[in-house]
Amino acid sequence: MTGLPDPTWQVLPREFYRRHPALVAPELLNKILVRSDGRAARIVEVEAYAGSEDPAAHSFRGRTARTATMFGEAGHLYVYFTYGMHWGSNAVCGEAGEGFGVLLRAAEPLLGVELMRQARPRARRDRDLASGPGKLSQAFGINRDFDGADLVGGDRGIRIASDGTPPPDTPVVGPRIGISRAVEFPWRWHVPGHLHVSVPPRKR
DNA sequence: GTCCCGATTCCCT
DNA sequence: GGGAATCGGGACC
């Protein structure tokens, strides 16, 4: 008994996360974000953020109260608040102290879709439920209370698992979205041709 | 203490 | 394609 919606799914082990986010990120594609209330969605778009190496990372200038989770143990959820209304969800990577993480930018709802619709009353179509970092967090009910949640142990009911689907052989790689610094880092990956990815606003 | 702007989303034109 | 909503983090005085 795994406690997951499907007993054949395997929770990703701690070691999966203990690497550079640019390695972890593309491997998170096609993995599944799971909440214990039955919500599950396939991760189809991610971005890497690399601490002191990365001027666009929240952790670039060192640890603060807000980014403390990012500097902790890999495999935990770093949740941040932005634009006065949106939450973003990241998987902490690397070694403690590095401030590495992978932003979960978009996912395809698989299970618990009705709960996601309730959490996102403004979404017209199901493909709008989690096609962006703020949308994904809202669809799963992720907020400040989930900052620091253990994605491996599932202490707060949020985990990442695999159903055996491998990451795409040739993911789409390109610049990250919504940042103004280090815009040249090609650290955004998504599943090719997927309907549920966020559409990159072409500016900034 | 003040000020700027953000790892965004939604609605209108 | 443009702009509003909304507020906390962090840089700087």
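What you see is a predicted model; the values in this text were computed from it and never measured. Chain letters run A, B, ... following the sequence lines, proteins first, then strands; residues in each count from 1.
- Residue-level contact check: Arg120(A) touches the backbone only, with heavy atoms under 4.0 Å from sugar-phosphate atoms and none from bases.
- Of the listed nucleotides (dT6(C), dG10(C), dA7(B)), dT6(C) has the atom at the smallest distance from the side chain of Met85(A).
- Side-chain contact annotation: His76(A) with Tyr17(A), donor-acceptor N/O pair under 3.5 Å absent.
- Within the 4.0 angstrom heavy-atom criterion, no nucleotide atom of any strand lies near Arg176(A).
- The pair Arg14(A)-Asp150(A) meets the salt-bridge criterion, with a side-chain N (NZ, NE, NH1 or NH2) lying under 4.0 Å from an Asp/Glu carboxylate O.
- Listed candidates were dA7(B), dT8(B), dC7(C). Nearest to the side chain of Leu103(A) is dA7(B).
- Atom CZ of Arg124(A) is separated from atom P of dC10(B) by 11 Å (rounded to the nearest Å).
- Between Arg105(A) atom CZ and Leu28(A) atom CG the span is 14.5 Å, to the nearest 0.5 Å.
- Checking dG10(C), dA5(C), dG8(C) against every side-chain atom of Phe81(A), the shortest atom distance belongs to dG8(C).
- Across all strands shown, Arg144(A) has heavy atoms under 4.0 Å from sugar-phosphate atoms exclusively, and none from any base.
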Dot-bracket, 5' to 3', for DNA chain B please: Watson-Crick or G-U pairs under 3.5 Å, [ ] where pairs cross earlier ones, | where the partner sits on another strand, dots elsewhere.
||||||.|||||.

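- Among the heavy atoms of the strands, none lies under 4.0 Å from Gly88(A).
- The aromatic ring of Tyr83(A) does not sit over the base of dA5(C), since the test of centres under 5.5 Å and planes under 30° is not met.
- Side-chain proximity of Ser180(A) to the nucleotides dA7(B), dC11(B), dG6(B) is greatest for dG6(B).
- For dC5(B) and dG3(C), the C1' atoms lie 15 Å apart once the distance is rounded to whole Å.
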